2 protein chains.
Amino acid sequence: MSVGHRAVTGSPVEGPVLSCETPQDECGVRDVLDRLGDKWSVYVVVELAGGVLRFKELQRRIHGGISQRMLTLTVRRLERDGLVRRTVHPTIPPQVEYELTEMGHSLTHLIKSLADWSIAHRPAIAAAREAYDEAQGVPGGPR
Amino acid sequence: MSVGHRAVTGSPVEGPVLSCETPQDECGVRDVLDRLGDKWSVYVVVELAGGVLRFKELQRRIHGGISQRMLTLTVRRLERDGLVRRTVHPTIPPQVEYELTEMGHSLTHLIKSLADWSIAHRPAIAAAREAYDEAQGVPGGPR
DNA sequence: CCGAATCCAGCGCGATACTG
DNA sequence: CAGTATCGCGCTGGATTCGG
């Protein structure tokens, strides 16, 4: 998501509001999205789905190249939410292992369906986008 | 690579859950997340899942109160991606109707599963979070 | 090797005011 | 009613540096 900006003014807590008024029941969707919506969480979960990884190894595998800082932040948030387990081995040099918890693994299924949907509709979206851009701006063509 | 995790009572998560093991294969998850990850898109889709709505009506229904600016931006992006259809009736005063396309409707299923997961794991996450904050002695959470 | 701390740029989002 | 324009805030995330 990376919604750069949460409630600014007033309202201290939005709470579990959003009662299920609509047939589709959007209750709680925000929660998941706020967790997976940031730039790296999904990648971390995906990599850890393959097994236990150490910090450096995890960093190396993530596509696009995550900075040390962001990997730390991401992995910490996931740990705090109980999705990732962090194990420190008091050796020298230090060795820290990361793995998904049960809950973390269950997230994997969600991610899978997101990926499936994306792959299935990617062409359609690309086409729609192109058509839209063509119809709107982009008067690039002759006149 | 094998998923070498200890099976736990209940639901073992062994198996090819995520079929994305190639380096640069992002599974396309990013695409969906970039689309739903913003603050309002999900809400718009959910509301439109109930049927056709006009601009003002849509704005009124969205939880939290979306500004006209953000509703315009959100709805435009969804339209561009072919998830929402926008119909302008050249009347006075102007009347614009929004509705989900086929692809948009297919998204509602995804949203549903996100909501289901969130609702199912919300207590566990809250507990994990509390335990973490407790252990760290951080009164207001990390970061 | 792991990670915390600091500085800094980008932009998501909200508030407000104005147009057709 | 529907939409655009302008401005400011502060969170996200990148680069770098220091510490254990």
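Lettering of chains follows the sequences in order, A, B, ..., and the numbering in each one begins at 1. All values reported here derive from a predicted model rather than from experimental measurement.
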Is any side-chain nitrogen or oxygen of K39(B) closer than 4.0 Å to OP1 or OP2 of dG14(C)? yes
Measuring from atom CD of E102(A) to atom CG of L107(A), what distance do you get when rounded to the nearest 0.5 angstrom? 12.0 Å
Distance-only donor-acceptor test (3.5 Å): side chain R69(A), base dG3(C): no
Does OP1 or OP2 of dC2(C) have a side-chain N or O of R54(A) closer than 4.0 Å? yes
Roughly how many Å is it from CD1 in I66(A) to C1' in dC2(C), rounded to a whole number? 14 Å
Check the distance between dA15(C)'s P and L71(B)'s CG and give it to me in whole angstrom. 14 Å
Go through residues 85-92 of chain B and report each residue with a non-hydrogen atom lying under 4.0 Å from DNA chain C, sorted by number. none
First locate atom OH of Y132(A), then atom CD of E79(B), and finally report the distance between them rounded to the nearest 0.5 Å. 4.5 Å
Contact nearer the 5' end of DNA chain C, comparing E57(A) with S67(B): E57(A)
Check this one for me: any side-chain N or O of Y98(B) less than 4.0 Å away from OP1 or OP2 of dC1(D)? no
Polar side-chain atom of S118(A) near backbone of L114(A) as donor-acceptor pair, under 3.5 Å: no
Please name all residues satisfying salt bridge (Lys or Arg N to Asp or Glu O under 4.0 Å) with D81(A), sequence neighbours left out, ordered by chain then number. R35(A), R129(B)
Atom NZ of K56(B) to atom P of dG3(D): distance rounded to whole Å? 11 Å
Would you compute the distance between atom CD of E47(B) and atom NE2 of H63(B) and round it to the nearest 0.5 angstrom? 11.0 Å
Identify, with sequence neighbours excluded, every residue that meets salt bridge (Lys or Arg N to Asp or Glu O under 4.0 Å) alongside R77(B). D38(B)
Using atom CE of M70(A) as one end and atom P of dA5(C) as the other, report the distance to the nearest whole Å. 15 Å
T72(A) has a side chain; which of dG14(C), dG3(D), dG3(C) sits nearest to it? dG3(C)
How close do L33(B) and L36(A) get, heavy atom to heavy atom, and via which atoms? CD2-O, 3.3 Å
Whole angstrom is fine here: how far is it from CZ in F55(A) over to P in dA4(C)? 9 Å
Which whole-number value in Å describes the distance from Y43(B) OH to dC13(C) P? 12 Å
Atom CG of L73(B) to atom P of dC11(C): distance rounded to whole Å? 15 Å
Separation of dA15(D) P from Q59(A) CD (nearest whole Å): 11 Å
Is the number of heavy atoms from other residues, nucleotides or ligands within 6.0 Å of CD (E130(B)) greater than 12? no
Taken to the nearest 0.5 Å, the spacing of D31(B) CG from W117(A) CH2 works out to 9.5 Å
Per the end-axis method with five pairs at each terminus, what is the bend angle of the helix from dC1(C)-dG20(D) to dG20(C)-dC1(D), to 10°? 30°
Rounded to the nearest 0.5 Å, how far apart are CD of Q59(B) and OG1 of T74(B)? 11.0 Å
Could you go through nucleotides 17-20 of chain C and list every protein N or O atom that sits under 3.5 Å from one of its N or O atoms, giving the distance for each pair?
unit_1	atom_1	unit_2	atom_2	d
dA17(C)	N6	Q68(B)	NE2	3.4

Donor-acceptor list for residues 90-98 of chain A side chains, cut-off 3.5 Å, not counting sequence neighbours:
unit_1	atom_1	unit_2	atom_2	d
T91(A)	OG1	H89(A)	O	3.4
T91(A)	OG1	P93(A)	O	2.8
Y98(A)	OH	R86(A)	NE	3.4

Interatomic distance, CG@L83(B) vs OG@S106(B), rounded to 0.5 Å, equals 7.5 Å
